[in-house]
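Down below is the structure, laid out as C-alpha cells.
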2 protein chains.
Amino acid sequence: MISLSEQEALAFMSRCYRRQFKRKAVLSEDEKIIDEVYFIEKGIIRVKINDLSGAEHTVHFAIENQFIADYRAFITREKSSYELEAIEDTEVIVLPKAGIEWGYQSLKEGEKLGRLIAEYYFTYLDRRIEHLYTLSPLQRYDLMNQIFPNIHNRVPQHMIASYLGITPIHLSRIKKNRLS
Amino acid sequence: MISLSEQEALAFMSRCYRRQFKRKAVLSEDEKIIDEVYFIEKGIIRVKINDLSGAEHTVHFAIENQFIADYRAFITREKSSYELEAIEDTEVIVLPKAGIEWGYQSLKEGEKLGRLIAEYYFTYLDRRIEHLYTLSPLQRYDLMNQIFPNIHNRVPQHMIASYLGITPIHLSRIKKNRLS
DNA sequence: TGAAAGCATAAACAAATGTTATCGTTTGTA
DNA sequence: TACAAACGATAACATTTGTTTATGCTTTCA
C-alpha cells in the first residue's frame with residue numbers, strides 16, 4: 001500500500017510480538033478499552049456480540065493472514081462492543097496501539113498507510129451492508145464461503161447461521177431446499 | 001479534526017463550488033465512476049440500490065451539514081453501486097476528487113485528515129452493522145429518528161421502511177402495535 | 001381547479017421464518 | 001474406554017412478515 005524501507009519495517013515489527021490462544025480462548029473482551037490489533041498467522045477467530053435480551057450474535061469471522069480487532073473501539077477509545085474468541089487453536093501477532101501510533105507518526109508514509117487501511121475496512125463494511133440489502137441468506141452463505149475460503153468446514157453451522165442472521169434450523173432448511 | 005490555517009482552508013474551498021438540485025433529481029448515478037463528494041447545505045438526499053430482481057432499497061439518508069457520496073466507489077475507482085437522489089430541493093457544495101487529493105498532498109495534515117475521515121465513516125458503518133444484529137426494526141426506526149432528526153416528517157414512510165429492510169405495511173403494523 | 005398520482009392504513013390470506021422437541025452421530029474429556 | 005456434551009438434521013407447530021386488494025386521504029401538477 002505504501003513504500004516502506006526495510007529499516008522501517010524492522011523498527012515497526014520490533015514493537016510487535018507473537019501470542020498463542022487455545023481453542024475457545026478469549027482474545028479480547030467486550031466492555032474493555034481496546035489497545036491491540038491482531039494479525040492471524042494460524043487459526044480462526046469469531047467476533048461476537050450480545051443483544052439486550054442475552055442472545056448471542058456472530059458478527060464476523062477472521063482467518064489466516066487477516067487482521068482482526070474491534071477496530072471501532074480501537075479508534076474511538078470507547079468500550080468494546082465485541083468479544084473476540086478463538087474457534088481453533090490460534091497464533092497471532094499482536095500490534096500494540098503504541099506501535100501503531102508510532103507508525104503513523106514516524107514512518108515516512110505512516111499517515112497515508114493509516115488512511116488506506118481505514119478506507120479499506122470502510123469498503124469492506126460498505127459491501128457487507130450492500131449485501132445485507134440485496135442478497136438472500138443463501139446467497140450470503142455462498143458469498144461467505146468465497147470470502148472465508150472453506151469456512152463451513154471449520155466452523156459449526158450454528159455460528160454461520162448466527163452470522164447470517166437466521167436460525168440454524170432455517171439454514172439447514174434452505175440448504176436442503178437448494179438441492180430440489 | 002486537524003489544525004488548518006485560514007490560508008489552507010481558503011485554498012481548499014477555492015477548489016469547490018455550489019450546486020443546486022430539484023426534488024427527485026439524481027446527483028450521482030450508479031454504474032458510473034465517482035469523482036465528487038457532496039456537502040449538503042440544505043435538503044435531503046437518499047442513497048438507493050437495486051437488487052437483481054429489480055427491487056429498490058434505500059441504503060442511507062443524508063441531511064443538512066452532512067457529507068454524502070458513494071465513498072466506496074470514490075475510494076476504489078470501481079463503478080458506483082448506488083444512486084443518490086434528492087428528496088427535497090437540495091443545495092450542495094461539490095468537492096471534486098482533484099480538490100480532495102490536492103488536500104491530502106498539500107495540506108500540512110492532509111493525510112491525517114484523510115485517515116480521520118475514513119476512520120469516522122468506518123465507525124459509522126460498524127455501528128450500523130451492530131444495530132442490524134442487535135436491534136429490532138422498531139428500535140432501529142427510533143434510532144434513525146435520532147440520527148436524522150425528525151426525518152419521518154420529511155421522508156415518505158415507504159422509503160423509511162425500505163431503509164429498515166421491511167415493507168411499508170409491516171412498518172405501519174409495528175408502529176400501531178407499539179401503542180397497545 | 002380538477003384529475004391523477006402518491007401515500008398510509010386496513011383486512012384477509014399466503015409464505016417465510018422461528019420455536020420446541022427428538023434422534024442419531026460425532027467430539028471432547030474424564 | 002465410556003459417558004456427557006455438542007452438533008446437524010428433521011418434523012410439527014406457532015409466530016412473524018410479506019402479498020394482495022381495497023379504501024380514503026393528501027399532494028402534485030397540468
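Only a predicted model underlies this, so the values are computations on that prediction, with no experimental measurement involved.
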Legend entry - A:Arg178 CZ - C:dA16 P separation (whole Å): 17 Å
Legend entry - For DNA chain C, the residues among residues 44-64 of chain A that have a non-hydrogen atom under 4.0 Å from it: none
Legend entry - Given D:dG18, C:dG18, D:dT10, the nucleotide with the shortest approach to the side chain of A:His170: C:dG18
Inset, instruction - Say whether B:Arg46 and B:Thr58, considering side chains only, have a donor N or O and an acceptor N or O under 3.5 Å apart. - result: yes
Inset, instruction - Report yes if a donor N or O on one partner sits less than 3.5 Å from an acceptor N or O on the other, where the partners are the side chain of A:Arg23 and the base of C:dG28; otherwise report no. - result: no
Inset, instruction - Between B:Lys24 and B:Leu171, just flag the one whose closest nucleotide in DNA chain D comes earlier from the 5' side. - result: B:Leu171
Inset, instruction - Determine yes or no for a side-chain-to-main-chain donor-acceptor pair under 3.5 angstrom, with B:Asn150 supplying the side chain and B:Asn153 the backbone. - result: no
Legend entry - Between C:dG18 (P) and A:Arg173 (CZ): distance, integer Å: 8 Å
Legend entry - Nearest-Å distance for atom pair CD1/P, residues B:Ile160 and C:dT9: 11 Å
Inset, instruction - Please confirm whether the backbone N or O of A:Ile174 pairs with a side-chain atom of A:Arg178, one donor and one acceptor, at under 3.5 Å? - result: no
Inset, instruction - Using heavy atoms and a sub-4.0 Å distance, could you list which residues of residues 143-159 of chain B are near DNA chain C? By number, please. - result: B:Pro156, B:Gln157, B:His158
Legend entry - A:Lys108 atom NZ, over 12 foreign heavy atoms within 6.0 Å: no
Legend entry - Whether B:Ser106 side chain and B:Gly103 backbone form a donor-acceptor pair below 3.5 Å: no
Inset, instruction - Within residues 130-140 of chain A, find the residues that approach DNA chain D with a heavy atom at under 4.0 Å, and present them sorted by residue number. - result: none
Inset, instruction - Could you tell me how the ring of B:Tyr133 sits relative to the ring of A:Tyr163: parallel (under 30°), tilted (30 to 60°) or perpendicular (over 60°)? - result: tilted
Legend entry - Interatomic distance, B:Leu164 CG vs D:dT17 P [rounded to whole Å]: 12 Å
Inset, instruction - Starting at atom OH of B:Tyr141, determine the distance to atom P of D:dT17, rounded to an integer number of angstrom. - result: 17 Å
Inset, instruction - Mark yes when over 12 heavy atoms from residues, nucleotides or ligands other than A:Tyr120 sit less than 6.0 Å from its OH; otherwise mark no. - result: no
Inset, instruction - Just call it for A:Ile169: base, sugar-phosphate, or nothing, with non-hydrogen atoms closer than 4.0 Å on any strand. - result: base
Legend entry - Enclosure of B:Lys48 NZ (heavy-atom neighbours >12, cutoff 6.0 Å): yes
Legend entry - Any B:Thr167 side-chain N or O less than 4.0 Å from OP1/OP2 of D:dT17: no
Inset, instruction - Starting at atom CD1 of A:Ile174, determine the distance to atom P of C:dT17, rounded to an integer number of angstrom. - result: 7 Å
Legend entry - Exam field: side chain B:Thr90 to backbone B:Glu88, donor-acceptor pair closer than 3.5 Å: yes
Legend entry - Side-chain donor/acceptor of A:Asp70 to backbone N/O of A:Ser80, under 3.5 Å: no
Inset, instruction - Would you kindly give the NZ-to-P distance between A:Lys175 and D:dG8, to the nearest whole Å? - result: 8 Å
Legend entry - Spacing between B:Asp89 atom CG and D:dC29 atom P, to the nearest angstrom: 10 Å
Legend entry - Heavy-atom donor-acceptor pair, B:His131 side chain to B:Arg127 backbone, under 3.5 Å: yes
Inset, instruction - Determine whether the aromatic ring centres of A:Phe122 and B:Phe122 lie less than 6.0 Å apart. - result: no
